[in-house]
Amino acid sequence: MQDIFKNNSAYQIYVKSFCDSNGDGIGDINGIRSKLDYIKSLGVKYIWVTPFFCSPMNDNGYDVSDYRNVNPMFGTMQDCEKMISEADSLGLGFLFDMVFNHTSTEHEWFKKALDGDPVYQDYYLFRDGKEGHPPTEWVSSFGTNSWEYVPELGKFYFHLFDKSQADLNWNNPRVRAELKDIVKFWKDKGVKGFRFDVLNLISKPDNFFADTPKSGRAVSFCKDGPKVHEFIRELVRDTGISEMFTVGEMASTDIENCIRYTRPENHELSMTFSFHHLKADYKDGDKWSLMKPDLSKLHDIFSSWQEEMYSNGGWNALFWCNHDQPRIVSRMGNEGTYWKESAKMLATFIHLLRGTPYVYQGEEIGMTNPHFTGISQYKDVESLNYYEIMLSRGMTEEEALAVLDSKSRDNGRTPMQWTSGKNAGFSDSDGGTWIGIPESYKKINVEAQENDPDSILNYYRQLIKLRFDYPVISDGSVKFLDTGNSNIFAYERRLKSQRLVVLCNFSGNEEKISNIDVKGEILIGNYSGSHKIMQPFEALAILEK
Ligand code: TEU
Ligand code: CA
């Protein structure tokens, strides 16, 4: 099972923003089909595509109303089947995104629950509350109360995210059976694996609303619940996907659980996404704040996750970007003088670690945050909610917009920049696109980099290929090294007699390393082999044999 992903990489597509084939300003399945050769040219093997199933799109498809049908906004089932088979003929495998913690309140199951059907009410987490108050005052991930009252039923239902995303009751075997059938449906269509949305939140013990603290972030009470491993093992076993590529998105999880989720002998998942490294710029843990990334905290997170997962047989997904995160060049690199150097350094750091690397659409060309100037440009439910919350906390509009500019999920959701032409080559719509395209598309686009051997795009291609050519990257041990300089991160990978040393300068200044000497084959960068000054955002990879 390990071999299908140890030296392979994955590419993530946010379907709404990747490529629009019919000129409505919205990305779609046939747009993806038109770009399969491009994706193949990157050297990746897997494509994680975000949900394109029927949905009212309150959370851009993470609110599913029919798991077995394609949202007409994105195309037809026939388009989808062709996309899978065309990818397969190119040696590419799709990972479909299963949103199983919750369904849309437009789903037929929830509608039957609202109609009073007790069988379907037990598909969800309905509770009576007390004197009109919800069972708890927990805050959802999107900033609202995590309970919604249904007057007709005189009950509340629980939602960790938007009120239109009702949490499923995984303690109900009928729910688990329904979800297994959905996995089997898409497995039979030929997908090669699955990404499971917030999978570590699915186990809520029956009485947990009663005897837990009444206030706080709802996720903190639901993460890594008592039956989560049992449920995952059952799902994987009963759908026969233990030999497929599976990845769980794990919100607010920990190393101990991620070892359990990914140790091969546990037959749970191939790997997990954890997010602690993407909270190094959260001031006092608050996403909605402005803070430069704390590099020493970032370093400690990477070293502990890498070394402990390795020494306990776990397997990490490796990533900086996805559809929920700002662009990493803007967040931890440099948009100006060192744009190219910082994009390459950040890519090097991630791609030579132990785990499976993911490239998020546009990351491979160094796309940057859009720097929207007004709230009307933002579309994401989480961002719009927190804009109002920040104002209610006393921030000015300017201050709240500055926080969105840094942290909004929309930063990663602007259309893929293919060319410097109309709509950045994303769409030939004359009526604009569903979300704005930043001016950066004129400089940062695939066409401008395709044939430039020094481009970020071709650098990503080299990095992905290295993982195939050097087993020390896919199979080697990992150990972080002390460089004597908190701006320079270094780690070594070892396999048999080989030692790969990777050095990355995370700062925009020249930085000195005083205690690392290494001689060997230069895989990345140029190095004299003795004490040295690292240039701003310089990356080095040296292989000792
Ligand atoms: O994200 C889970 C999640 O916690 C996100 O809210 C994200 O981590 C957070 O916004 C970062 O601040 C998954 C999907 O990736 C996301 O797009 C969905 O909105 C969410 O689940 C609900 O399905
Ligand atoms: Ca379209």
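The shortest non-hydrogen separation linking Asp97 to Val49 is CB-O, 3.5 Å. Residue Lys35 comes nearest to Cys19 through the heavy atom pair CE-SG, 3.9 Å, listed as atom of the first residue, atom of the second, then distance. Ser429 and Gly431 get closest at one heavy-atom pair: OG-N, 2.9 Å. Between Ser164 and Asn58, the shortest heavy-atom distance links the atoms OG-ND2, 3.1 Å. Nearest heavy-atom pair across Ser289 and Asp286 is OG-O, 2.6 Å.
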### Message
Test side chain to side chain donor-acceptor pair (under 3.5 Å) on His371 and Asp405; report intermediate values, then the result.
### Response
CA-CA 6 Å; His371 301 303; Asp405 178 78; 2.8 Å; yes
### Message
Between Phe372 and Tyr378, is the ring-ring contact (aromatic ring centres under 6.0 Å, His included) condition met? List the steps.
### Response
CA-CA 8 Å; Phe372 290 145; Tyr378 287 94; 5.2 Å; yes
### Message
Between Lys287 and Glu382, does the salt bridge (Lys or Arg N to Asp or Glu O under 4.0 Å) criterion hold? Intermediate values first, please.
### Response
CA-CA 11 Å; Lys287 167 176 177 176; Glu382 180 192 51; 2.7 Å; yes
### Task
Please report the C-alpha distance between Tyr460 and Val359 in whole Å, then the side-chain angles of each, then the deciding distance to 0.1 Å, and finally whether the side chain to side chain contact (heavy atoms under 4.5 Å, CB included) criterion is met.
CA-CA 9 Å; Tyr460 265 84; Val359 179; 4.0 Å; yes
### Task
Please assess Tyr14 against Asn60 for the test side chain to side chain donor-acceptor pair (under 3.5 Å), listing each intermediate value before the final yes or no.
CA-CA 10 Å; Tyr14 192 61; Asn60 276 348; 2.9 Å; yes
#### Entry: Worked verdict on Trp186 versus Lys189 for side chain to side chain contact (heavy atoms under 4.5 Å, CB included)
CA-CA 5 Å; Trp186 288 113; Lys189 291 275 184 194; 3.8 Å; yes
### Task
Under the salt bridge (Lys or Arg N to Asp or Glu O under 4.0 Å) rule, what do Arg263 and Glu268 come out as? Steps first, then yes or no, please.
CA-CA 8 Å; Arg263 277 173 67 91; Glu268 292 188 29; over 6 Å; no
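Surrounding CD of Glu397 are at most 12 heavy atoms belonging to other residues, nucleotides or ligands under 6.0 Å away. Around atom NZ of Lys184, more than 12 heavy atoms belonging to other residues, nucleotides or ligands sit under 6.0 Å away. Summarising the local packing, NZ of Lys297 is surrounded by more than 12 heavy atoms from other residues, nucleotides or ligands at distances under 6.0 Å.
Classification of Lys192 and Asp88 as a salt-bridged pair holds, one side-chain N sitting under 4.0 Å from a carboxylate O. Ionic pairing of Asp59 and Arg409 is present here: one or more N-O contacts between side-chain nitrogen and carboxylate oxygen are shorter than 4.0 angstrom. A salt bridge links Asp324 to Arg413: one of the charged nitrogens lies within less than 4.0 Å of a carboxylate oxygen.
Checked against the 6.0 Å centroid threshold, Trp138 and Phe221 count as a close aromatic pair. Taking the centre of each ring, Phe161 and Phe142 come in below the 6.0 Å mark. Separation of the Phe158 and Trp147 ring centroids falls under the 6.0 Å cut-off. Annotation: Trp48 is not in aromatic contact with Phe194 [ring centroid separation under 6.0 Å not met]. Here the two rings, on Tyr124 and Phe110, have centers that are under 6.0 Å apart.
In this structure, the side-chain hydrogen bond (donor to acceptor under 3.5 Å, both in side chains) partners of Gln12, at least two apart in sequence or on a different chain, are His323. Lys155 is linked by a side chain to side chain contact (heavy atoms under 4.5 Å, CB included) to Gln121, Phe126, Asp128, Leu153, counting only residues two or more places apart in sequence or in another chain. Applying the salt bridge (charged side-chain N to carboxylate O under 4.0 Å, His left out) test to Arg68 and every residue at least two apart in sequence or in another chain returns nothing. Taking the salt bridge (charged side-chain N to carboxylate O under 4.0 Å, His left out) definition, one finds that Asp197 meets it with Arg195, sequence neighbours left out. Judged as a ring pair (Phe, Tyr, Trp, His ring centres under 6.0 Å), and not counting sequence neighbours, the contacts of Tyr67 are Phe100, His107. By the side chain to side chain contact (heavy atoms under 4.5 Å, CB included) test, Glu308 is found to be paired with Ile255, Ser304, Asn312, residues two or more places apart in sequence or in another chain being considered.
Counting only heavy atoms from C-beta outward, the side chains of Met390 and Glu399 never approach each other to under 4.5 Å. Between Thr356 and Leu318, the closest side-chain pair of non-hydrogen atoms is not below 4.5 Å. Residues Val44 and Tyr358 have side chains not in contact (no heavy-atom distance under 4.5 Å, counting atoms from C-beta outward). No side-chain heavy atom of Met73 sits under 4.5 Å from any side-chain heavy atom of Phe52. Between Met250 and Ser274, the closest side-chain pair of non-hydrogen atoms is not below 4.5 Å. Within the 4.5 Å cutoff, the side chain of Pro293 has no heavy atoms near those of the Tyr282 side chain. The shortest distance between side-chain heavy atoms of Leu125 and Leu168 does not fall below 4.5 Å. Within the 4.5 Å cutoff, the side chain of Glu363 has heavy atoms near those of the Tyr360 side chain.
The CG atom of Asn369 sits 9.5 Å away from atom OG of Ser440, with the distance rounded to the nearest 0.5 Å. Of the inter-residue distances, the one linking Leu179 atom CG with Glu234 atom CD reads 10.5 Å to the nearest 0.5 angstrom. Atom-to-atom distance recorded for Gln325:CD and Phe319:CZ is 6.5 Å, nearest 0.5 angstrom. In this structure, CG on Asp254 lies 9.0 Å from CD1 on Ile259, to the nearest 0.5 angstrom. With rounding to the nearest 0.5 angstrom, the OG atom of Ser406 is 6.0 Å from the CG atom of Asp281. In this structure, the separation between CG on Asn200 and CG on Asp224 is 4.5 Å, given to the nearest 0.5 Å.
Within the 3.5 Å criterion, the main-chain N or O of Asn22 finds no donor-acceptor partner in the side chain of Asp24. No donor-acceptor distance shorter than 3.5 angstrom exists from the side chain of Glu388 to the backbone of Asn385, with no hydrogens or angles considered. Panel note: side chain Ser270, backbone Met244; a donor-acceptor pair is recorded below 3.5 Å. Judged by distance alone, the side chain of Arg127 and the main-chain N or O of Pro135 form no donor-acceptor pair under 3.5 Å. A distance-only check finds a donor-acceptor pair linking the side chain of Gln165 to the backbone of Tyr62 [under 3.5 Å].
Under the 30°/60° scheme for interplanar angles, the aromatic rings of Tyr149 and Phe156 are found to be tilted. Using bins of under 30°, 30° to 60° and over 60° for the plane-to-plane angle, the ring pair Phe5/Phe245 lands in the perpendicular bin. A tilted orientation is assigned to the rings of Phe275 and Phe273, their planes being inclined by 30° to 60°. Ring geometry for Trp320 against His277 counts as tilted: the plane angle lies between 30° and 60°, on a 0 to 90° scale.
With Trp434 as the aromatic partner, Lys379 does not meet the cation-pi criteria of under 6.0 angstrom to the ring centre and within 45 degrees of the ring axis.
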